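Owing to the predicted nature of the structure, the values given are computational and were not obtained by experimental measurement. Values reported hereafter were calculated over all heavy atoms of this structure, with side chains retained and with hydrogens, waters and symmetry mates removed.
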Amino acid sequence: MSRLVVVSNRVSAPRQGGRTGGEGGLAVGILAALRERGGIWFGWSGKLTEQGGNLDVFDAGRITYAMLDLTARDYEEYYSGFANRSLWPLFHYRLDLADFTRRYLAGYQRVNALFASKLLPALKDDDQIWIHDYHLIPLADQLRQAGCRQKIGFFLHIPWPAPEVLVALPNHRSLVNSLCAYDLVGFQTETDRQAFIDYVLRDAGGTYVDETTVELNGRQVKTGAFPISIDTGNLARVAEEAASTRHTERLRASIRDRDLIVGVDRLDYSKGLVARVEAFEHLLKAYPANRGRAVFLQIAPPSRSDVPEYQQIRAELEAACGRVNAAYADFDWTPIRYLNKGFSRRLLTGFFRVSSIGLVTPLRDGMNLVAKEYVACQNPDEPGVLVLSRFAGAARELDGALIVNPYDNEGVAEALQSALAMSRDERRERWRTMFDYLKRHDIDAWRESYLEALAEA
Ligand SMILES: O=P(O)(O)OC[C@H]1O[C@H](O[C@H]2O[C@H](CO)[C@@H](O)[C@H](O)[C@H]2O)[C@H](O)[C@@H](O)[C@@H]1O
Ligand SMILES: O=c1ccn([C@@H]2O[C@H](COP(=O)(O)OP(=O)(O)O)[C@@H](O)[C@H]2O)c(=O)[nH]1
C-alpha cells in the first residue's frame, strides 16, 4: 500500500500536549483517520520563530509528524489574515466581516509556497497526498509547478459558498483555478459540491466531463461529497465509562434533578452562540416552568483570539450571558453556565451523556463533529435529544435530530421545549436511527471512501 501523506495547517501532535478542544474538529478527524492507517502528518507546528521554516520531524505510534515553524508575519498574514479574515467569513456567508487586504493574500501565497518547498523533498513517487482545508488551497498548484506528479487530493472542511457569494473574493478565479491542480476535491456535503460545480460551469467557463468531473483550463478535476465523521464505536465506549467518573458525578450532583442543556463550540461567530443564548432566554420567558429547572451549560474555548471579530463575539456573548443570568437567576439557580475554556474530549463524553439536550445551532458550519459526538455518547436506554441547526453539514445526515433555524430564536425555544417534553420512546427511536447511521458512517468509512475515490481519480 502506498504511503499516506496528510497535510493540514493545524496538527494535533502528542508533543503539543494539553489538548483542550480549541484546535477543533479537523484535528480530531484527521488524527482518528491517521491512527488507523498510519502515515505522515505535515503541517504548522503552532510555533512562531524569528526565521520560520524550521521542520521538526518525529514519530509517535503509526504517525510520523513533520511540523513547520512560521514567523509572526506569516501567522498574521496567512493564518489570521487571509485564512481567517478573508476566506473564513466569506465561506461562512459573513461578507460583512470579510477583509480582503492584499497583503494577506501575498502572505497566504508565500506560506503555501513554503509548505510546498519543505514538503517536496520528503515525498516518494507512489505517495498518496491528502491536503486539507482552506488554508492550503494553492498547495497542489505549487507542488505541481515544482514537478510533483503524485495523486493529490483536497478536502474542504468548511462550506463552499454559493457563486454569488464567492465572487466577492477579489481573487476568486485564481483560487478556483488552483483547486483544479488536484485530482480529487472533496466537500462535506452535496450542496457544497454543487455550489463549486455551479461556479466552475457558470462563472469560469468550465465543462462537465462526467457527473462528478469537470474540466477547467485544460485540467480535469473529480469532485465528491464525503461527510466527515467520528470514531463512533470507540466514543460510545468512552462515554459509557465516563458516565461514572468523578467529573461527570460532580456535574450530575450540581444539576440534581434539573434538565441540562449542553453546547460545546469554539468561540466563533459562525457557531451562533449569541442567538443561542437568546433562544434559551426565550425558553425561560415563554415557558416559565423552566425557570429554576433548566440549566444551559455552554463550553466555549477561545479560538483565533488575535482576530478582532473573535474578540468582538466574545464580548457580545459575555454580555448576553450576563444579561440573561441577571434577569432570571435566583439564589439557588443560575440559568446559564458559560465557560470560556475547553475540556478534554474524554470529559466531554460524560457531560454529553448526562445532559437532556445537545444544543448545536451554528449559523453555518462545514460539518460540526460535536453534533455527531453528542449522539454517540448517549445512554441507549435514556438518550438525550439533539437540537441541530439546519445550517450545519451534520443536519444532512442526522435526521433524528430536531432540526431548527438558528436565526429564529422563538423556533429554537419551541424545539427546546419539545425536546424537554419528549417521551422516552420517541427519544430512543430518534437516537437509534442516528446512532446506527453513525456506526456505519464513521471516521474509518470517511477515510476509506475518500482515499478510494482518490485512487480512482
Ligand atoms: O485551527 P483553528 O483555526 O484553531 O480552528 C479549528 C478548526 O476549525 C475548522 O473546523 C472545521 O472542521 C471540522 C471537521 O471537518 C468541521 O466539523 C467544522 O464544521 C469545520 O469548521 C477549520 O475548518 C479547521 O481547519 C480548523 O483547524
Ligand atoms: O472544549 C472542547 C471543545 C471542543 N472539543 C472538540 O473539538 C471538536 C470541534 O469540532 P467541530 O467539528 O464541532 O467544530 P470546529 O471547532 O472544528 O469548527 C470536537 O471534536 C469537540 O469534541 C474538545 O475536545 N474540547
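Residue pairs that meet the salt bridge (charged side-chain N to carboxylate O under 4.0 Å, His left out) test with at least one member in residues 85-94, sequence neighbours left out, are Arg85-Asp99, Arg85-Glu309, Arg94-Asp96. For residues 446-457, the set of pairs meeting the salt bridge (charged side-chain N to carboxylate O under 4.0 Å, His left out) definition, not counting sequence neighbours, comprises Asp444-Arg447.
Considering only heavy atoms from C-beta on, Arg73 stays 4.5 Å or farther from Tyr78 through its side chain. Phe196 has its side chain out of reach of Leu156: every pair of non-hydrogen atoms, C-beta onward, lies at least 4.5 Å apart. Using a 4.5 Å heavy-atom cutoff, the side chains of Val385 and Trp431 are not in contact. Contact check for Asp133 versus Leu26: side-chain heavy atoms found under the 4.5 Å cut-off. Put simply, the side chain of Cys321 does not reach to within 4.5 Å of the side chain of Arg337, judged on heavy atoms. Contact of the Leu363 side chain with the Pro406 side chain is registered, since non-hydrogen atoms from C-beta on lie closer than 4.5 Å. The shortest side-chain heavy-atom distance between Leu273 and Leu267 falls under the 4.5 Å cut-off. The shortest side-chain heavy-atom distance between Leu139 and Tyr182 falls under the 4.5 Å cut-off.
A salt bridge links Arg314 to Glu318: one of the charged nitrogens lies within less than 4.0 Å of a carboxylate oxygen. A salt bridge is defined here as a Lys NZ or Arg NE, NH1 or NH2 lying under 4.0 Å from an Asp or Glu carboxylate O, and Arg193 with Glu190 meets this definition. The existence of a salt bridge linking Asp268 and Arg304 is confirmed by a sub-4.0 Å separation between a basic side-chain nitrogen and an acidic carboxylate oxygen. With respect to the salt-bridge test (charged N to carboxylate O, under 4.0 angstrom), the residues Lys285 and Glu278 do not qualify.
No side-chain N or O of Asp56 forms a donor-acceptor pair with one of Ser45 less than 3.5 Å apart. If you check the side chains of Asp365 and Asn368, you find a donor sitting under 3.5 Å from an acceptor. Tyr437 and Glu397 share a donor-acceptor pair across their side chains, judged by distance under 3.5 Å alone. In this model, a donor atom of one side chain and an acceptor atom of the other lie less than 3.5 Å apart for Gln298 and Asp265. For the residue pair Tyr75/Asp306, the side-chain donor-acceptor check at 3.5 Å is satisfied. Donor-acceptor pairing under 3.5 Å is recorded for the side chains of Thr191 and Arg396. A side-chain donor-acceptor contact under 3.5 Å links Asn177 and Asn217. No side-chain N or O of Asn325 forms a donor-acceptor pair with one of Tyr338 less than 3.5 Å apart. One side chain, Arg276 or Thr361, offers a donor N or O that lies under 3.5 Å from an acceptor on the other. When only modelled atom types and interatomic distance are considered, Trp41 and Thr64 share no side-chain donor-acceptor pair under 3.5 Å.
Separation of the Phe42 and Phe115 ring centroids falls under the 6.0 Å cut-off. For Tyr104 and Phe82, the distance between ring centers is not under 6.0 angstrom. The aromatic ring centres of Tyr199 and His172 sit less than 6.0 Å apart. Centroid-to-centroid, the aromatic rings of His282 and Phe280 stay 6.0 Å apart or farther. Two rings, from Trp446 and Phe226, have their centers 6.0 Å or more apart.
Atom-to-atom distance recorded for Glu373:CD and Arg345:CZ is 5.0 Å, nearest 0.5 angstrom. Taken to the nearest 0.5 Å, the CH2 atom of Trp44 stands 10.0 Å off from the CG atom of Asp74. Distance check, rounded to the nearest 0.5 Å: CD1 of Ile403 to CG of Leu386 gives 7.0 Å. Atoms CD and CG, from Gln109 and Asn171 in turn, are 7.0 Å apart once rounded to the nearest 0.5 Å. To the nearest 0.5 Å, atom CD of residue Glu36 and atom CD1 of residue Ile63 are 10.5 Å apart. Taking CG of Leu284 as the reference point, atom CD of Glu281 lies at 8.0 Å (rounded to 0.5 Å).
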Audit row: Leu283, Gln417, side-chain contact (heavy atoms from CB on, under 4.5 Å) steps and yes/no: CA-CA 7 Å; Leu283 176 79; Gln417 183 58 27; 3.6 Å; yes

Chi angles and distances behind the side-chain contact (heavy atoms from CB on, under 4.5 Å) call for Val274, Ile313: CA-CA 8 Å; Val274 174; Ile313 192 68; 3.9 Å; yes

Verdict with supporting geometry, Leu438 and Leu398, side-chain contact (heavy atoms from CB on, under 4.5 Å): CA-CA 9 Å; Leu438 290 174; Leu398 301 179; 4.1 Å; yes

side-chain contact (heavy atoms from CB on, under 4.5 Å) evaluation trace for Phe352 with Gln378: CA-CA 7 Å; Phe352 288 152; Gln378 295 310 298; 4.1 Å; yes

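In this view, Asp231 satisfies the salt bridge (Lys or Arg N to Asp or Glu O under 4.0 Å) rule with no residue, not counting sequence neighbours. Judged as a side chain to side chain donor-acceptor pair (under 3.5 Å), and not counting sequence neighbours, the contacts of Thr212 are Asp210. Taking Arg219 as the reference, Asp141 meet the side chain to side chain donor-acceptor pair (under 3.5 Å) condition, with sequence neighbours excluded. With sequence neighbours left out, the side chain to side chain donor-acceptor pair (under 3.5 Å) criterion links Thr232 to no other residue.
Ring geometry for Trp88 versus Tyr134: interplanar angle of 30 to 60°, hence tilted. In this pair, His132 and Trp130 present their aromatic rings tilted. The plane angle is within the 30 to 60° band. Ring geometry for Phe351 against Phe343 counts as perpendicular: the plane angle is over 60°, on a 0 to 90° scale with 30° as the lower cut.
Within a 6.0 Å sphere centred on CZ of Arg346, heavy atoms belonging to other residues, nucleotides or ligands number 12 at most. Within 6.0 Å of NZ in Lys151 there are more than 12 heavy atoms belonging to other residues, nucleotides or ligands. Open room surrounds CD on Glu410; 12 or fewer heavy atoms of other groups in view lie less than 6.0 Å from it. Atom CZ of Arg390 has 12 or fewer heavy atoms from other residues, nucleotides or ligands within 6.0 Å.
Asn405 contributes a side-chain N or O that, together with a main-chain N or O of Tyr407, makes up a donor-acceptor pair within less than 3.5 Å. Remark: the backbone N or O of Val209 is not paired with any side-chain donor or acceptor of Thr213 at under 3.5 angstrom. Panel note: side chain Asp183, backbone Phe154; no donor-acceptor pair is recorded below 3.5 Å. Looking at Tyr450, its side chain does come within 3.5 Å of a backbone N or O of Leu184 through a donor-acceptor pair. Remark: the backbone N or O of Ile228 is paired with a side-chain donor or acceptor of Gln188 at under 3.5 angstrom.
Partner of Ile230 under the side chain to side chain contact (heavy atoms under 4.5 Å, CB included) criterion, chosen from Val370, Leu235, Ile443: Leu235.
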